[in-house]
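One structure is given below, encoded as structure tokens.
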Amino acid sequence: MTPEQATLVIDGDRLTISGDIDPLTVVALRKEGEALILGSKADLVVDLAAMTTAHSVVLSLLLCWQRLARGRSQSLEFTGVGQRLGSLAALSGLDGQLPGFPSPASPENQHQS
């Protein structure tokens, strides 16, 4: 089965990412997302629930978008963070920099040892 190409859709204050992101597709997706963020004056919710990837390039992508938004006094809140991506962010020490990502001390991570 071939992975589904990543897509971005903005609807009001919600930016939805779906599909597969990899090192070959992340740059184009970053530019597309930056254009959507620049075109919005609202704070945005970035919905990751339909994303099928948990890869370090995804964290890099989200941090780039976060930096762009902060520079414009715009906030991004991430939702639909999968367990694998949340764990990768925690292992990298980035969970505290991405609003909406579960931290190691959050209730959903308390049962893990």
Side-chain angles (χ1 to χ4, degrees):
M1 181 154 65
T2 312
E4 179 185 339
Q5 182 176 352
T7 59
L8 296 176
V9 175
I10 194 163
D11 184 14
D13 65 351
R14 181 171 293 270
L15 176 62
T16 302
I17 306 173
S18 61
D20 187 53
I21 302 168
D22 62 34
L24 299 175
T25 61
V26 72
V27 173
L29 197 65
R30 175 184 169 185
K31 290 178 182 178
E32 183 181 352
E34 288 172 346
L36 292 172
I37 292 167
L38 290 170
S40 174
K41 296 193 184 330
D43 292 338
L44 296 172
V45 173
V46 181
D47 188 349
L48 308 174
M51 194 175 57
T52 58
T53 309
H55 196 289
S56 60
V57 297
V58 174
L59 294 176
S60 175
L61 169 75
L62 300 179
L63 288 167
C64 288
W65 288 350
Q66 181 78 351
R67 184 174 51 246
L68 173 67
R70 279 190 183 149
R72 306 179 71 232
S73 298
Q74 185 178 20
S75 70
L76 300 183
E77 175 79 24
F78 300 97
T79 187
V81 179
Q83 183 177 3
R84 290 184 70 203
L85 188 60
S87 295
L88 183 59
L91 285 171
S92 303
L94 299 173
D95 50 320
Q97 296 180 42
L98 296 164
F101 271 66
S103 68
S106 66
E108 60 267 19
N109 290 331
Q110 289 293 317
H111 67 279
Q112 297 175 356
S113 54

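- The shortest distance between side-chain heavy atoms of L15 and V9 does not fall below 4.5 Å.
- Judged as a ring pair (Phe, Tyr, Trp, His ring centres under 6.0 Å), the pairs with a partner in residues 67-97 (not counting sequence neighbours) are, in order, F78-F101.
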Could you pull out every donor-acceptor pair under 3.5 Å between side chains of residues 59-71 and any protein atom, sequence neighbours left out?
| residue | atom | partner | partner atom | Å |
| --- | --- | --- | --- | --- |
| W65 | NE1 | R30 | O | 3.2 |

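- The backbone N or O of A6 lies less than 3.5 Å from no partner atom in the side chain of D20, so there is not a single donor-acceptor pair.
- Side-chain contact check for D95 versus P102: every heavy-atom pair is 4.5 Å or farther apart.
- Looking at residues two or more places apart in sequence or on another chain, you find a side-chain contact (heavy atoms from CB on, under 4.5 Å) between V57 and I21, P23, V26, H55.
- Nearest heavy atom pair, residue S40 against residue I10, reads CB-CD1, 4.3 Å.
- When side chains are defined from C-beta on, R72 counts as touching L38, because their heavy atoms get closer than 4.5 Å.
- The backbone N or O of R14 lies less than 3.5 Å from no partner atom in the side chain of D11, so there is not a single donor-acceptor pair.
- Side-chain atoms of T25 come within 3.5 Å of backbone N or O of D22 as a donor-acceptor pair.
- Side-chain contact check for L76 versus D43: every heavy-atom pair is 4.5 Å or farther apart.
- Pairing each heavy atom of A54 with each of R84, the nearest pair is CB-CB, 3.6 Å.
- Inspection of the T79 and D47 side chains reveals no N or O donor paired with an N or O acceptor under 3.5 Å.
- Here the side chain of E77 pairs no donor or acceptor atom with the backbone of V46 at under 3.5 angstrom.
- Summarising the geometry of Q74 relative to K41, their closest heavy-atom pair is NE2-C, 4.3 Å, with the distance given to 0.1 Å.
- Between the CD atom in Q5 and the OG1 atom in T52 there is a gap of 11.5 Å [rounded to 0.5 Å].
- Side chain of S18 to backbone of M51: no donor-acceptor contact under 3.5 angstrom is found.
- Taking all atoms of both residues into account, the shortest heavy-atom contact from G12 to L44 is O-CD2, 4.1 Å.
- L29 pairs in a side chain to side chain contact (heavy atoms under 4.5 Å, CB included) with only one of the listed residues (L8, V58, T7), which is L8.
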